[in-house]
Amino acid sequence: MRQSKLFTKSLRSISSEETAINAQLLLRGGFAFKHAAGVYSYLPLGWRVMRRVSDIIRQEMNGIDGQEMFMPALVDRKYLEATDRFKLDVGYDAITKTDKEPGFSLGWTHEEVITAIATHYIASYKDLPFATYQIQTKFRNEPRAKSGLLRGREFMMKDLYSFHTSEEDLNDYYQKVREAYIRVFNRCGLDVFYTLAAGGDFTANTTHEFQVLADVGEDTIYYCQACMLAQNDEVATWKDGEKCSECGGVIRKGNAVEAGNIFPLGTKYSEAMNLTYTDEKGERQHVVMGSYGIGVSRLMAIIVEVYHDERGILWPQAVAPFAAHIITIPGSAKAAQAAEKLEAELTLAGIDVLYDNRDSVSAGEKFADADLIGIPVRLTLSEKSLAAGGVEVKRRGEEETRVVAQAEVLDILRAVVSE
RNA sequence: CGGGCUGUCGUAUAGUGGUAUUAUGCACGAUUCGGGUUCGUGCGAUCCGGGUUCGAUUCCCGGCAGCCCGACCA
């Protein structure tokens, strides 16, 4: 990708009203565009990050036998009335099918939809268990959208639903999801606390959230750094400074952002929507369900909250929009020629490269842009670097640079990408 | 949904009861090239509605929008 052709440009300044770091950096760097509070477009750079995060999620969901599918955003009123969730404030429920009354809600979650589908395909215990998921835009009529991409009126979510013959089987799967979720967040570079919480509108049971410590966080948790367990203050029995009841570590109190959550739904939805199966004895039973969510766009924002410095973002390699950023110091035809060759070589090897080929932009501005955009490896080509033996390599976030021969760059990047 | 603050070129800002400052951006021309180079010329704005007034971007009322706090939040 040539930076001269990149649709977006970085902005020198954004509204002073944006106080959330993720909003400042994602807007300034050209990753996202804000249309209204809580309503964003993902621009080419941001969408690349979203796709990388989504792909990590897909791999982990497929790894626990999740089957990807896609459901409508327009949720039929009859489904939501079956579970008495049509009038909940979080939904945009005024989508009219006729001019008389609302026929749809813009989906804010899809338990009812997947359950409606399941009633057509589940008849026997032999059909269970199974799990399906989707990555889709969700709509929530937030009374107060805020904190950049952390709390949106419209946002990207991965929602997984599982169906079982028994509570035991649900619990086994619940633990598998827990482990898969922790792998997702760790692969995105985040330390998460597995956090006990209340179930809200989804279930009367307690549930679990995956919380990432961050100043911007809306939740207060009591956490143990030793065993990575935590309790949301709405259900907490721990106190700051106490010993962890699980491992004896010290409990701390902190602000955190909820990156995901998992709910043991039991038979709440299967009873409301009459989802049953016939067991080995020929008796009808209600299907036992679980639901599991990760806010994909929120995850991108959390990564920015955790990985940034005063100059910009520091994307972890696993989610970076590009693996490497080639920069030429303007004014040197030799450097530009070498850069084109390097770009071609890396691209051929399957490495995503952004090449800042702009010729009318000063070196300083290119460096400032590179720091803001936050691609993990910067490759600078100039008369100076060529004279010193090739390409100057610098990791974002480190001050150290080193010059290597062009022939070595590919091996270095292969190593970085596989980290 | 309650409370507070705020709406001025694309962005960020100054100021004013008599149509508006500066920077950045953008266009053109020069200059420069290892951390947002420098110079010139040009383009570009008072959220919407009503009221007061000879005259409102300014004052008043209402609306809308944004941010922050609270409530709410899988």
Side-chain angles (χ1 to χ4, degrees), chain A residues 8-20 23-24 27-28 30 33-39 85 88-91 107-111 138-148 150-153 155 157-161 195 197-211 216-220 232 234 257-265 268 290-295 298 310-312 327-333 335-336 356 358-373 378 380-388 392 394 399 401 403:
Chain A
T8 59
K9 292 181 281 196
S10 59
L11 308 171
R12 188 168 292 208
S13 58
I14 55 155
S15 168
S16 55
E17 286 189 331
E18 296 294 348
T19 56
Q24 288 178 4
L27 295 177
R28 216 151 67 72
F33 182 89
K34 180 177 181 175
H35 297 277
V39 182
R85 295 210 295 181
L88 280 176
D89 290 341
V90 291
W108 55 285
T109 183
H110 280 71
E111 279 82 3
K138 291 286 187 285
F139 300 87
R140 303 233 172 140
N141 196 2
E142 292 287 349
R144 187 181 166 207
K146 61 172 188 171
S147 304
L150 285 177
R151 175 176 287 274
R153 292 182 162 126
F155 59 94
M157 178 170 165
K158 186 285 301 174
D159 41 331
L160 168 75
Y161 305 95
T195 306
D201 287 322
F202 285 76
T203 171
N205 299 335
T206 55
T207 67
H208 292 90
E209 300 170 338
F210 296 81
Q211 296 274 3
V216 72
E218 302 180 281
D219 292 328
T220 302
N232 195 305
E234 62 199 9
V257 185
E258 180 186 340
N261 47 33
I262 59 182
F263 303 88
L265 299 174
K268 174 177 172 178
S291 90
Y292 318 83
I294 292 177
R298 178 182 277 191
E310 65 288 345
R311 288 174 173 165
I327 286 181
T328 48
I329 304 302
S332 165
D356 191 348
R358 297 173 297 172
D359 204 43
S360 57
V361 169
S362 72
E365 190 170 344
K366 288 190 174 191
F367 289 136
D369 265 357
D371 288 340
L372 175 61
I373 293 172
R378 191 182 79 189
T380 307
L381 277 152
S382 65
E383 296 283 344
K384 195 170 118 184
S385 78
L386 291 173
E392 178 191 289
K394 179 180 174 297
E399 290 308 313
T401 63
V403 177

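In what follows, chains are A, B, ... by sequence order, proteins preceding strands, each numbered from 1.
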Contacts of A:F210 meeting ring-ring contact (aromatic ring centres under 6.0 Å, His included) (sequence neighbours excluded), chain-then-number -> A:Y181, A:F185, A:Y194

Can you sort out the partners of [X] under salt bridge (Lys or Arg N to Asp or Glu O under 4.0 Å), two or more places apart, ordered by chain and number?
X      : answer
A:E218 : A:K146, A:R151
A:D219 : none
A:E365 : none
A:K394 : none

Could you tell me which residues satisfy side chain to side chain donor-acceptor pair (under 3.5 Å) with [X], sequence neighbours excluded, listed by chain and number?
X      : value
A:H110 : A:K138
A:S10  : A:D369
A:E209 : A:Q211, A:N232

Residues passing the side chain to side chain contact (heavy atoms under 4.5 Å, CB included) test with A:R311, sequence neighbours excluded, are A:D309, A:D371, A:R396, A:E399

To the nearest angstrom, the CZ-C1' distance between A:R153 and B:C67 comes to 12 Å

The glycosidic conformation of B:U31, counting syn as within 90° of 0 and anti otherwise, is anti

Just the atom pairs and distances: protein N or O near nucleotides 8-11 of chain B's N or O, under 3.5 Å.
{"residue": "B:U11", "atom": "O2'", "partner": "A:S13", "partner atom": "O", "Å": "3.0"}
{"residue": "B:U11", "atom": "O2'", "partner": "A:S13", "partner atom": "OG", "Å": "3.0"}

Closest to the side chain of A:K9, out of B:C67, B:C26, B:C72, is B:C26

Contact string for nucleotides 30-47 of chain B, one letter per nucleotide 5' to 3', B = base within protein heavy-atom range under 4.0 Å, S = sugar-phosphate only, - = neither, reads ---BBBBS----------

Per-residue pairing states of RNA chain B in dot-bracket (Watson-Crick or G-U under 3.5 Å; . unpaired, | other strand) read (((((((..(((.....[...)))((((((.......))))))...(((((..]....))))))))))))....

